[in-house]
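What follows is a single structure, written as structure tokens, with notes after it.
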Amino acid sequence: MKLTTRSRYGLRAMVYIAAHQTEETPVALSRIAEALALSEPYLEQLLRLLKKDQFVTSTRGVKGGYVLSRPAEEITVLDLLNTLEGEFWLSDCAVAGDCPGGFSNCPTRLVIHRMNRAIYDSISHLTLADMEQTWNAV
């Protein structure tokens, strides 16, 4: 499994917002774009998705920008990736009732299910706050 640039940049933007927001001052789109070396239109597209699913709120105007809609401890990486990518799986057989290859008893199904479960369990407990702490430690 490989995360797309949408997920990588979306996660980085969320960590940046978490680390730099204050109650008085949201983080400006231009500031995030410059810090992460992203184009503003692309970043705005990502933040629009995250805003739609209520991970961030935005304020217009000269002192406008983005803030988290809830504490970073309550936002999981799984939730963010589901917003940025949709539900993701290593293989269609992880969610399909039948093996897409036509096998009634696919020998790789157990491996794929266990790998999916390990990924799911790992990122469903990893929060934006955890990512922010790791980033601040570097």
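Keep in mind it's a predicted model, so treat the numbers as computed, not measured.
- E73 meets the side-chain contact (heavy atoms from CB on, under 4.5 Å) test with P71, A129; sequence neighbours excluded.
- Every residue meeting the side-chain contact (heavy atoms from CB on, under 4.5 Å) condition with T76, not counting sequence neighbours, appears here in chain and number order: L78, D79.
- Note that CD of E34 is 11.5 Å distant from CD1 of I32, once rounded to the nearest 0.5 Å.
- Side-chain contact between Y9 and T4 is absent, with no heavy atoms from C-beta onward closer than 4.5 Å.
- Separating the CZ atom in R70 from the OG1 atom in T57 is a distance of 11.5 Å, to the nearest 0.5 Å.
- Looking at L80 and I75, their side chains come closer than 4.5 Å, going by heavy atoms from C-beta outward.
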Would you list the atom pairs, donor with acceptor, under 3.5 Å between side chains in residues 47-54 and any protein atom, with sequence neighbours excluded?
| residue | atom | partner | partner atom | Å |
| --- | --- | --- | --- | --- |
| K51 | NZ | S58 | OG | 2.8 |
| D53 | OD2 | T83 | OG1 | 2.6 |

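- Side-chain contact check for Q21 versus Y66: every heavy-atom pair is 4.5 Å or farther apart.
- We find the CZ-CG distance between R6 and L46 to be 6.5 Å, quoted to the nearest 0.5 Å.
- A distance of 5.0 Å separates OG in S7 from CG in L81, rounded to the nearest 0.5 Å.
- Residues that satisfy the side-chain contact (heavy atoms from CB on, under 4.5 Å) test with T59, not counting sequence neighbours, are P26.
- Judged by distance alone, the side chain of S124 and the main-chain N or O of D121 form a donor-acceptor pair under 3.5 Å.
- Judged as a salt bridge (Lys or Arg N to Asp or Glu O under 4.0 Å), not a single pair has a partner in residues 10-21 (not counting sequence neighbours).
- Scanning both residues, L68 and A18, for their nearest heavy atoms gives CD1-CB, 3.7 Å.
- Scored by the side-chain hydrogen bond (donor to acceptor under 3.5 Å, both in side chains) test, R31 finds Y16 as partners (sequence neighbours excluded).
- Taking the side chain as every heavy atom from C-beta outward, L29 and L43 approach each other to under 4.5 Å.
- The number of heavy atoms from other shown groups lying within 6.0 Å of CD (E74) is above 12.
- Within the 4.5 Å cutoff, no side-chain heavy atoms of T25 are placed close to those of H20.
- Using modelled atom types, one side-chain atom of R8 and one backbone atom of L3 make a donor-acceptor pair closer than 3.5 Å.
- In this structure the side chain of L11 never reaches within 4.5 angstrom of the side chain of V15, judged on heavy atoms.
- Not counting sequence neighbours, S122 has no partner by the side-chain contact (heavy atoms from CB on, under 4.5 Å) test.
- Here the shortest heavy-atom pairing between T22 and V67 reads O-CG1, 4.3 Å.
- Between I17 and V56, some side-chain heavy-atom pair lies under the 4.5 Å cut-off.
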